[in-house]
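Accompanying notes for the structure given below.
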Amino acid sequence: MNFHGGDIYKYKEDILDFSSNINPLGIPESFRRMIIERFEDFTRYPDIEYKEVRKKIASYINILDNRYILPGNGAVELIYKLAASSGKERAAGLRPTFSEYSRGAKTAGMEYYDIPAFKEDYAGIDAEKLLAEIKPRSLVIICNPNNPTGTLIPKNIMKGIAADLMEMDCQLIIDEAFIEFTEDYSDNSMVDLIEKYDNVTVIRAATKFFGMPGIRLGYAVSANKETIRAAKELMEPWNLNTAAVIAALSIFDDRNYIEVSREWIRSERKYLFQELQKISNLKVYPSASNFHLLKIMGNITTAAVLKEDMIKRGILIRTAEGFNGLSEFDFRLAVKDRQSNNKALEALREYFQ
C-alpha cells in the first residue's frame with residue numbers, strides 16, 4: 001500500500017497540511033501566465049521527444065547536452081523505470097528513507113536491502129559502513145538531502161561513494177528532490193559531475209521546490225546514454241501532459257520566485273527548528289531541507305495518537321508510514337510560512353503541556 005504526505009482528501013474540515021513538503025509560496029505566477037498564453041497547446045499532442053523541455057531543463061542545471069535529460073511524470077516514475085531498466089538483480093538504500101525506493105525495486109523483481117549507515121541524530125552518514133555492506137553489482141539509491149531525516153551528504157563524500165561504487169560495478173541513483181531547499185544547493189548537487197561518474201543518475205522533482213505537486217514533473221540526468229535509453233524504452237508515449245510541458249517552459253526561468261523561495265526557507269527552517277527545541281518531550285533533528293523529523297520522548301504517546309489530536313486542531317502531520325526504519329514515536333513536520341508555522345507550534349505546545 002502507498003503511504004505519502006498530502007493525503008488531505010479524507011478530511012472534510014479545513015486543515016493545514018504539514019505532511020507534504022511543498023513550497024508554501026504556491027504556484028509560480030510565471031506558470032499561471034504561460035498556461036493562459038499557451039492554452040491552445042491543449043488542442044494537440046505534446047512533442048513526444050520533449051525537445052523544448054529537455055533544452056529548458058539543461059539550461060537550468062547548466063548541462064550542455066540535453067540528451068542527458070530524461071523527463072518523467074514526477075520523480076516516482078523515474079525511480080521505477082530506472083530500477084526496472086538497470087539490469088541489476090538487487091538494490092540497496094539507506095535506513096530510514098523514502099519507501100518508494102524499495103517498492104520500485106521489488107516491483108522490478110529485485111532483491112532490496114537497506115543499510116542503517118546514519119550517524120547519531122542523523123548528523124551525517126558513515127560512508128565506510130555503507131560501502132562495506134553494499135554488494136557488488138547492485139543498484140544503490142540515495143536521497144540527498146534524505147527524506148525524512150533532512151540529512152545532507154556533503155559533495156566530497158558523495159564523490160567518494162560514487163567512485164567506490166563504480167569499482168564495484170554498481171549504479172548509483174541520487175534523488176535530489178529536495179536539493180534546491182538546501183543552502184548553496186548548486187554546490188551540493190552531483191549534476192555537474194555526471195560525465196566523470198557515468199554510473200551516476202541524478203533525479204530531480206520540479207513539484208517540491210516550485211510548489212506544484214499536481215503537475216507531476218520530474219527529470220533524470222545521466223551522461224550514460226545506455227541508462228537514459230533503457231529507462232526511456234520502458235516509458236509510455238507522452239508521459240508528460242501539456243500542463244507539465246508548460247510548467248517546464250516557465251518555472252525554471254522564474255528567478256524572482258527562486259530567490260524569494262531560497263530566502264524564505266533559510267529563515268523559516270531556522271525559526272521552526274529553534275521553536276520546536278523549546279517544546280518539552282519533543283526531540284527535533286537538524287535538517288538541510290524544508291522539513292524536520294521529530295521524535296516523541298519518554299513514550300508518553302505515539303505519533304499516530306498525536307496525529308489524530310493535531311487533526312482536531314487543524315494540523316496534519318506525517319507519521320512513519322511510507323518510510324523504512326522509523327519508530328511509532330517519529331513524525332515529520334514540513335516548514336511552511338510564518339503564520340502556518342506558528343499555528344503548528346501553538347498546537348504542539350498545547351498538546352505536550
Requested in this report: Would you please test Asn21 and Asn290 for side chain to side chain donor-acceptor pair (under 3.5 Å) and show each step?
Outcome: CA-CA 6 Å; Asn21 309 318; Asn290 65 326; 4.9 Å; no
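- With respect to the salt-bridge test (charged N to carboxylate O, under 4.0 angstrom), the residues Arg349 and Glu275 qualify.
- Test Tyr122, Phe331, Phe291 against Tyr285 for ring-ring contact (aromatic ring centres under 6.0 Å, His included) and you get one pass: Tyr122.
- Salt bridge annotation for Glu346-Lys343: absent, with no cationic side-chain nitrogen under 4.0 angstrom from a carboxylate oxygen.
- Each of Phe323 and Ile22 belongs to its own hydrophobic cluster when Ile, Leu, Val, Met, Phe, Trp and Tyr are linked at side-chain heavy-atom distances under 4.5 angstrom.
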Report task. Applying side-chain contact (heavy atoms from CB on, under 4.5 Å), run through Arg67 and Ile228 and close with a yes or a no. Result -> CA-CA 8 Å; Arg67 291 175 297 180; Ile228 295 295; over 6 Å; no
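- Of the possible donor and acceptor atoms, none in the side chain of Trp264 sits under 3.5 Å from a partner among the backbone N and O of Leu25.
- At distances below 3.5 Å, at least one donor-acceptor pair connects side-chain atoms of Asp330 with backbone N or O atoms of Ser327.
- Counting heavy atoms from C-beta on, the side chains of Ile27 and Arg32 come closer than 4.5 Å.
- Remark: the Tyr45 side chain and the Thr242 side chain contain no N/O donor-acceptor pair separated by less than 3.5 Å.
- With contacts defined as side-chain heavy-atom distances shorter than 4.5 Å, the pair Met166/Asp198 qualifies.
- Of the possible polar contacts, one joining the Asn341 side chain to the Lys336 backbone as a donor-acceptor pair under 3.5 Å is found.
- Between Glu233 and Arg229 there is a salt bridge, since at least one side-chain N of the basic residue sits less than 4.0 Å from a carboxylate O of the acidic one.
- Minimum heavy-atom separation, Asp253 to Lys56: OD2-NZ, 2.6 Å.
- Using modelled atom types, one finds a donor on one side chain and an acceptor on the other under 3.5 Å when comparing Asp254 with Ser30.
- Looking at Asn199, its side chain never comes within 3.5 Å of a backbone N or O of Asp169 through a donor-acceptor pair.
- Ring centroid separation for the pair Tyr101 and Tyr112 does not come in under the 6.0 Å cut-off.
- Under a 3.5 Å cut-off, the side chain of Arg269 and the backbone N or O of Phe181 do form a donor-acceptor pair.
- Of the possible polar contacts, none joining the Asn146 side chain to the Gly150 backbone as a donor-acceptor pair under 3.5 Å is found.
- Side-chain contact, Glu176 with Tyr185: no donor N or O sits under 3.5 Å from an acceptor N or O.
- From Asn147, atom CG reaches atom OG1 of Thr97 across 6.5 Å, with rounding to the nearest 0.5 Å.
- Side chains of Tyr197 and Lys159 form a contact here, defined as non-hydrogen atoms less than 4.5 Å apart.
- Here the shortest heavy-atom pairing between Thr201 and Ala220 reads CG2-CB, 4.0 Å.
- Between the side chain of Asn144 and the backbone N or O of Ile153, at least one donor-acceptor pair lies under 3.5 Å.
- Side-chain contact of Thr149 with Thr151: a donor-acceptor pair under 3.5 Å is present, judged by distance alone.
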Requested in this report: For side chain to side chain donor-acceptor pair (under 3.5 Å), just list the numbers for Arg313 and Tyr351, CA-CA rounded to whole Å, side-chain angles, deciding distance to a tenth of an Å, and then say yes or no.
Outcome: CA-CA 10 Å; Arg313 301 171 191 263; Tyr351 181 87; over 6 Å; no
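- For the pair Ser261 and Phe209, the minimum side-chain heavy-atom distance is below 4.5 Å.
- Between the OG atom of Ser267 and the CG atom of Asp337 there is a distance of 11.5 Å, given to the nearest 0.5 Å.
- A donor-acceptor distance shorter than 3.5 angstrom exists from the side chain of Asn73 to the backbone of Asn239, with no hydrogens or angles considered.
- For the residue pair Arg54 / Tyr219, no side-chain donor-acceptor distance below 3.5 Å is found, with atom types taken as modelled.
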Query - Criterion salt bridge (charged side-chain N to carboxylate O under 4.0 Å, His left out) on Lys55 and Glu52, from CA distance to verdict - result: CA-CA 5 Å; Lys55 182 179 179 181; Glu52 279 189 290; over 6 Å; no
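- In this structure, Arg338 satisfies the cation-pi test against Tyr271, with its NZ or CZ atom closer than 6.0 Å to the six-membered ring centre and inside 45 degrees of the ring normal.
- Counting only heavy atoms from C-beta outward, the side chains of Ser340 and Phe18 approach each other to under 4.5 Å.
- Side-chain atoms of Glu236 and Lys81, non-hydrogen and from C-beta on, do get closer than 4.5 Å to each other.
- When atom types are taken as modelled, the side chain of Glu133 and the backbone of Pro116 share no donor-acceptor pair closer than 3.5 angstrom.
- At distances below 3.5 Å, at least one donor-acceptor pair connects side-chain atoms of Lys155 with backbone N or O atoms of Ser189.
- Inter-residue side-chain proximity for Val200 and Ser222 is flagged as unmet; no heavy-atom pair is nearer than 4.5 Å.
- If you take OG1 on Thr43 and CG on Asp41, they are separated by 7.0 Å, rounding to the nearest 0.5 Å.
- At least one side-chain heavy atom of Tyr113 sits under 4.5 Å from a side-chain heavy atom of Arg90.
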